[in-house]
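Read the numbers this way: they start at 1 and go in the same order the structure lists the ligands and their atoms. Note that the coordinates shown come from a computational prediction; the quantities given were computed from them, not determined experimentally.
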Amino acid sequence: MTKHKIILDTDPGIDDAMAIFFAFQSPEIEVLGLTTVFGNVPVTMAAKNALILCELAELDIPVCKGVAMPWVGPESGYAHFVHGDDGFGNINPPDPKGKIDPRSSAEFIIEMARKYPGEITLVAVGPLGNLALALRLEPELPKLLKAVNVMGGAAFVPGNVTPVAEANIWNDAYAAEIVFAADWELNMFGLDVTYDLPFAPNFIDILAEKNPTLGGFVNRASQFYTDFYSQGKDTRQCYFHDAFPIAYILEPSLFEMTEGNVRVSTDKLNQGQTSFAPFGTTASPDWLEASTINVATKVDHPKLTELFINTYAL
Ligand code: RIB
Ligand code: CA
């Protein structure tokens with residue numbers, strides 16, 4: 001079986017951890033490396049956390065450190081109130097023993113894309129600064145990658161940072177604009193699908209039961225995360241946003257994708273808004289000239305949940 005080659009660009013992060021283990025567990029996926037970026041936590045912590053996850057999974061792959069700041073503007077605030085002071089729900093795992101790869105995230109992406117032209121799907125589940133930088137350093141990157149699957153954006157639903165913007169896109173809107181405007185296959189998995197599937201505590205209990213090491217880690221880290229997502233709700237729940245673009249690689253038929261034109265806003269009030277016009281809904285030249293992407297608009301909940309559980313159980 002030829003495996004799907006991926007690079008995971010990530011800001012771990014609890015749902016990042018769940019997604020990374022999901023990819024590690026799949027026999028159909030080869031993770032070439034983890035490239036890290038600021039986002040949920042500062043980039044130094046993101047890189048350290050990525051190393052912790054690799055060591056827990058006993059997987060020796062490169063972990064690179066990437067951009068620490070948005071493309072434009074000051075350092076971001078981080079999401080410790082969602083992911084804990086350590087990015088893992090304050091469970092404070094031991095420091096990793098391994099070392100961060102000397103290549104920057106952007107350098108690693110370019111090097112791998114040149115080595116395996118047309119074979120790699122870049123799965124981006126944090127702010128998009130590494131990918132924007134890689135595009136600037138290697139303008140041929142769109143021809144060298146197979147596809148870019150992004151967790152981010154909100155096409156037809158409200159945002160989670162502002163009324164119009166999702167966190168990953170809002171955190172580095174200028175970088176996102178560069179990435180969304182590039183000429184590659186871009187598949188967007190935004191809040192349209194990820195907020196549509198809340199996970200109850202029994203889901204993380206099942207992950208822990210099926211896979212005590214990796215699922216157990218996700219379970220412990222997710223307690224704090226579930227507290228955050230359950231505020232004001234009658235039942236406890238959380239969301240595993242970052243696993244969706246990986247699931248699409250394994251089972252594209254679980255998703256309904258809508259093709260259309262997109263623009264990312266960089267103006268202050270609408271920063272990070274992903275405005276989306278499905279094909280046939282506008283005749284405006286400005287919109288018809290905007291880049292084309294595929295947006296996930298529906299997902300099969302029972303089958304996706306089953307895919308996560310079965311993969312953790314392997
Ligand atoms: O909006 C959800 C996204 O923001 C996820 O990638 C999560 O990890 C956070 O970074
Ligand atoms: Ca993330």
Side-chain angles (χ1 to χ4, degrees), residues 6-23 31 34-43 45-50 52-53 63 65-68 70 76-89 105 122-131 148-173 175-176 179 187-199 204 217-218 221-222 224-226 228-229 237-248 264 271-274 295-296 299:
I6 72 167
I7 295 172
L8 256 164
D9 192 53
T10 174
D11 58 340
I14 293 164
D15 59 322
D16 301 76
M18 187 276 186
I20 288 167
F21 288 155
F22 172 50
V31 184
L34 301 182
T35 54
T36 60
V37 60
F38 81 91
N40 292 321
V41 297
V43 70
M45 186 181 284
K48 176 181 144 187
N49 285 355
I52 289 173
L53 298 175
V63 171
K65 198 162 92 173
V67 303
S76 282
Y78 302 105
H80 291 296
F81 57 100
V82 185
H83 296 267
D85 292 341
D86 60 352
F88 289 146
S105 292
L122 200 300
V123 180
V125 298
L128 294 169
N130 290 333
L131 209 40
V148 176
N149 289 4
V150 171
M151 189 286 127
F156 302 111
V157 296
N160 57 358
V161 178
T162 75
V164 296
E166 180 279 332
N168 287 339
I169 307 301
W170 180 85
N171 257 314
D172 203 347
V179 169
N187 302 306
M188 175 180 129
F189 301 83
L191 300 178
D192 302 81
V193 281
T194 70
Y195 257 178
D196 202 33
L197 180 48
F199 289 93
I204 44 178
F217 181 93
V218 171
S222 295
F224 181 93
Y225 189 62
T226 303
F228 169 79
Y229 273 121
Q237 61 181 51
C238 69
Y239 297 92
F240 290 110
H241 311 274
D242 290 349
F244 284 57
I246 299 166
Y248 182 69
V264 179
Q271 176 182 323
Q273 179 174 19
T274 45
V295 171
V299 61

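Taking every non-hydrogen atom of D16 and a distance limit under 4.0 Å, the qualifying atoms of ligand 1 come out as 8 (O). Those atoms of ligand 1 that come under 4.0 Å of a heavy atom in E166, given as number and element, are 1 (O), 2 (C), 3 (C), 4 (O). Atoms of ligand 1 lying under 4.0 Å from any heavy atom of N40, numbered from 1 in the order shown and given with element: 7 (C), 8 (O), 9 (C), 10 (O). Distances below 4.0 Å separate heavy atoms of D15 from the following atoms of ligand 1: 5 (C), 6 (O), 7 (C), 8 (O). The ligand atoms of ligand 1 that sit less than 4.0 angstrom from a heavy atom of M151 are 2 (C), 3 (C), 5 (C), 6 (O).
Using a 4.5 Å heavy-atom cutoff, the side chains of N149 and F189 are in contact. Contact of the Y239 side chain with the L197 side chain is not registered, since no non-hydrogen atoms from C-beta on lie closer than 4.5 Å. With a 4.5 Å cut-off on side-chain heavy atoms, D11 and Y78 do not count as touching.
Contact annotation: for N160 versus ligand 1, heavy atoms closer than 4.0 Å belong to the side chain alone. Of all the heavy atoms of V125, the ones lying under 4.0 Å from any atom of ligand 1 belong exclusively to the backbone. Counting heavy atoms closer than 4.0 Å to ligand 1, residue D11 contributes side-chain atoms (C-beta onward) but none from N, CA, C or O.
One distance of note links CG of D9 with CG of L34; it measures 9.5 Å at 0.5 Å rounding. Once rounded to the nearest 0.5 Å, the distance linking OH of Y229 with CG of N160 reads 6.0 Å.
Side-chain rings of Y195 and H241 approach one another, their centers coming within less than 6.0 Å.
Its N, O or S atom nearest to the Ca ion (ligand 2) is what matters here, and for D11 that atom is OD1.
In terms of the side chain to side chain donor-acceptor pair (under 3.5 Å) criterion, N49 has no residue partners (sequence neighbours excluded).
Residue side and main chain included, D242 places an N/O/S atom under 3.0 Å of the Ca ion (ligand 2). Counting backbone and side-chain atoms alike, V125 contributes an N/O/S atom closer than 3.0 Å to the Ca ion (ligand 2).
A donor and an acceptor atom, one from each side chain of T35 and N130, are nowhere located under 3.5 Å apart.
F240 and F199 have tilted rings, their planes meeting at an angle from 30° to 60° on a 0 to 90° scale.
In this structure, the protein non-hydrogen atom closest to atom 6 (O) of ligand 1 is D242 OD1, 2.5 Å. Of the protein's non-hydrogen atoms, N168 OD1, 3.4 Å is the one closest to atom 4 (O) of ligand 1.
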